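Only one structure is covered here, and it is reproduced in the block below.
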Number of protein chains: 2
Amino acid sequence: MVTIGDVARVAGVSRSTASYALSGKRSISAEVRQKVEQAVQNLGYTPNAGAKALATSQTKVLGLLARFLEDEFAPAMLQYILGVTNRAREAGYDTLLLTEEDGASALKRISDSRMVDGFILLNVAENDDRLGILRDAAQPGSLVGLPGDPTGIDVFDLDFVTAGRLMVETLHALGHRELILVSQPEHVLERGGAYVWRLANAAQERAAELGVELHHHFGSSSQPEIGGELVGLLDAHPSATGLLLNNEAAAAALPNVLQSRGLSAPADISVIGRYSDDFARTFSLPYSAIDSAADELGRLAVEHLISRIEGTADAESTVVDLVAPRIDDRGSTAVPPTRH
Amino acid sequence: MVTIGDVARVAGVSRSTASYALSGKRSISAEVRQKVEQAVQNLGYTPNAGAKALATSQTKVLGLLARFLEDEFAPAMLQYILGVTNRAREAGYDTLLLTEEDGASALKRISDSRMVDGFILLNVAENDDRLGILRDAAQPGSLVGLPGDPTGIDVFDLDFVTAGRLMVETLHALGHRELILVSQPEHVLERGGAYVWRLANAAQERAAELGVELHHHFGSSSQPEIGGELVGLLDAHPSATGLLLNNEAAAAALPNVLQSRGLSAPADISVIGRYSDDFARTFSLPYSAIDSAADELGRLAVEHLISRIEGTADAESTVVDLVAPRIDDRGSTAVPPTRH
DNA sequence: CTGAAAGCGCTTACAG
DNA sequence: CTGAAAGCGCTTACAG
């Protein structure tokens, strides 16, 4: 293994000079810097990460706590993971991926052993057992997902309240007066998936304000159950003209359901979903949808975390950044059909 | 930060004794061990990972090199990632996830800086530019995916040759004599996705041996293109009675295509796919399929890597372990329909 | 069975 | 502008 001692010897300088020449933390004569850089090149020197971490108390690694739950759409998680790792690398950080069931103990273990400089928590629940540990940890953290009590922690999430309102408002403006909202399964909510009711409640409220009738249903998370439920809902509410889907499985099942009933969107029914563009492309889902903004949330969370680590963030106050929802228009909304 | 020095002081012993009491690397009187363990408890001591790595040259971290490519089904990658991280954790290792485009340089960077004890490479190409670096690296590696030249590296993959033969044999045994095989896009192959042709060639060969006519097509990787292609294939080969799908997007599109033609499997046509059970469940794909064995491959790769790291693997020879394909029977194969 | 000391490969005050 | 030395928190021969 080639060390900075080898570099120093070959360059004919001391180890401290070699170190300073590489870090640029004090001025070095051009000549010496040349020699050091040359030696680094020739020897193929790369600093030992463990030694550096020990000396500086900085690992240049972020801990990424994923949380995979039944009844949630796992591939969506991949978008967040990639958003985080890619942005982190751009900023000079690598990512330790933690996927074990018990996220709280993983967080404690990694924090105590000083393996990372900070944490990103994905899929944060309303009352997340990882938050207590994070607040006591020596390293800062950013959440992707808004918990019930975000005190003292930086949070990034889609603005699900505005998303719920936006869905209703968009169809109301087109003239719709009776809508169906299909959420994710109630299990998700019970487990702390607060975004489900945040969107649903906001939609309900906004519908009430606008005089729109809204039928809310917690759907299943997989086929073929959700297909059957969609059929049931359309049967139960034959005069509904719009369908709001906060449930990936429902979106994937809908094309079949509509086709089998001889319906098409938006001629017969308007549809707005809530899923990633990537999901839409893979399955060519033809419905306008509020994007999950996974990539953007990952980037924001990483950028803010790094500013905390490096001390450039305001130490006095934390941030709750709710990203404004944006509808990817795929042409599945229109004025409601006129009844005869 | 609490160090082993604190533990030693509180326990009233030397640092070396405290260290040995914790590692168990030499015999310690029961009394002293008690005191040390008590001190660890009281102080909440966890060893500093960087310091430990520096002293032992072991990081207890594995590097996981993912490789995301256009035209391949990204969610499948998540299965491998989870298989690896979960098994690694069980064995006492954490996982550094590397997702950057340039896998070769990532591998070199992480290897040179001694951040990990070994590497897992996912989605290995026929002629993978990461392999040269891996062979020169100080750390061992396991591949998931068989390259053209696996010399000197441990490899784990699904046995795609047997998979191709198995698909053909299964339908031949039922009486089918004309089949269609839809592979992943040709781009995948050009990029080094050798598994695509390995399966296709084996299927072709076996079909020839058995006197089965096999029409091979490189399909698109997303909707709606692949749907149109399936329609075209069924039109072009009206007497084909079996469909083999080595293409996730084709499997996802098929239910619609069959329904719109008034066909059902296996009454009108037999179908065998090649995708994960998880994918099948999420989209309720009703087709029998050869499982990707992502979980098993991840586990095997990790277990073997760790045995190399810890020196228990045979240092003289490397392993190429091709996992036997297994068909998850979902009832989509039967004797071909009798023509009138 | 236990302790004092050296060493892993870095960085960074301290001196000049 | 440069060097000798201490220190980060561990482990592990070396001595007793």
Side-chain angles (χ1 to χ4, degrees), chain A residues 1-37 39-40 43-61 109-117 138-139 310, chain B residues 1-37 39-40 43-61 109-117 138-139 310:
Chain A
M1 171 171 221
V2 29
T3 72
I4 199 164
D6 301 321
V7 171
R9 193 169 27 74
V10 168
V13 299
S14 72
R15 298 195 308 154
S16 60
T17 298
S19 177
Y20 283 119
L22 293 175
S23 69
K25 286 192 181 167
R26 75 179 184 193
S27 35
I28 297 281
S29 71
E31 184 199 8
V32 166
R33 184 168 343 110
Q34 288 275 336
K35 284 194 295 187
V36 170
E37 278 163 8
V40 166
L43 297 171
Y45 168 72
T46 307
N48 178 297
K52 199 163 191 169
L54 184 57
T56 62
S57 301
Q58 284 223 9
T59 63
K60 289 288 181 177
V61 176
R109 179 171 61 80
I110 300 295
S111 171
D112 285 349
S113 65
R114 299 294 200 274
M115 291 180 79
V116 305
D117 295 339
Q139 305 87 349
E310 301 182 348
Chain B
M1 171 168 224
V2 29
T3 74
I4 200 165
D6 300 321
V7 171
R9 192 166 30 72
V10 168
V13 299
S14 73
R15 299 196 307 155
S16 61
T17 298
S19 176
Y20 283 119
L22 292 175
S23 70
K25 286 193 183 168
R26 77 179 180 193
S27 36
I28 297 282
S29 70
E31 185 198 10
V32 166
R33 184 168 343 108
Q34 288 275 336
K35 285 194 294 187
V36 170
E37 279 164 8
V40 166
L43 298 170
Y45 168 72
T46 306
N48 178 295
K52 200 162 190 170
L54 184 57
T56 63
S57 300
Q58 284 222 10
T59 64
K60 290 289 181 175
V61 176
R109 179 171 61 81
I110 300 296
S111 171
D112 286 349
S113 65
R114 300 293 201 273
M115 289 180 80
V116 305
D117 296 337
Q139 304 89 347
E310 301 182 347

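The chains referred to below are lettered A, B, ... by the order of the sequence lines, with proteins before strands, and numbering in each begins at 1. The model shown is predicted, which means the values in this text are computed figures rather than measured ones.
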dC1(D): pairing nucleotide in any strand, Watson-Crick or G-U under 3.5 angstrom: dG16(C)
Minimum-distance nucleotide (side-chain atoms of Ser14(A) versus dG3(D), dT2(C), dT11(D)): dG3(D)
Of the listed nucleotides dC10(C), dT12(D), dG3(C), the one nearest the side chain of Thr17(B): dG3(C)
d(OH, Tyr20(A); P, dT12(C)) in whole Å: 7 Å
Gap between atom CG of Leu54(A) and atom CG of Asn48(B) - 0.5 Å precision: 6.0 Å
Atom pair OG1/CE of Thr46(A) and Met1(A) - distance to nearest 0.5 Å: 8.0 Å
Protein-nucleotide distance (Tyr45(B), atom OH; dC10(D), atom P), rounded to Å: 4 Å
Gap between atoms CZ and P, on Arg26(B) and dT2(C) respectively (whole Å): 8 Å
Between dG9(D) (P) and Met1(B) (CE): distance, integer Å: 6 Å
Interatomic distance, Asp6(B) CG vs dG9(D) C1' [rounded to whole Å]: 11 Å
Most 5' of Ser27(B) and Val2(A) on DNA chain C, judged by nearest nucleotide: Ser27(B)
Distance-only donor-acceptor test (3.5 Å): side chain Ser16(B), base dA4(C): yes
Which atom of Ser57(A) lies closest to which atom of Asp117(A), heavy atoms considered: O-OD1, 4.3 Å
Nearest-Å distance for atom pair CZ/P, residues Arg114(A) and dC8(D): 14 Å
Lys52(B) side chain near Gln58(B) side chain, heavy-atom distance below 4.5 Å: no
Ser19(B)-Ser16(B) side chain donor-acceptor pair, cut-off 3.5 Å: no
Nucleotide nearest Asn48(B) when distance is taken to its side chain, options dG9(D), dC10(C), dC1(C): dG9(D)
Sugar-phosphate only, base, or nothing, as touched by Ser19(B) at under 4.0 Å among non-hydrogen atoms: base
Closest listed nucleotide, where the reference is the side chain of Ala55(A) and the choices are dG9(C), dC10(D), dG3(D): dG9(C)
Atom pair distance, as rounded to whole Å: CZ in Arg15(B) and C1' in dT2(C): 15 Å
Spacing of Lys25(A) atom NZ relative to dT12(C) atom P, expressed in whole Å: 4 Å
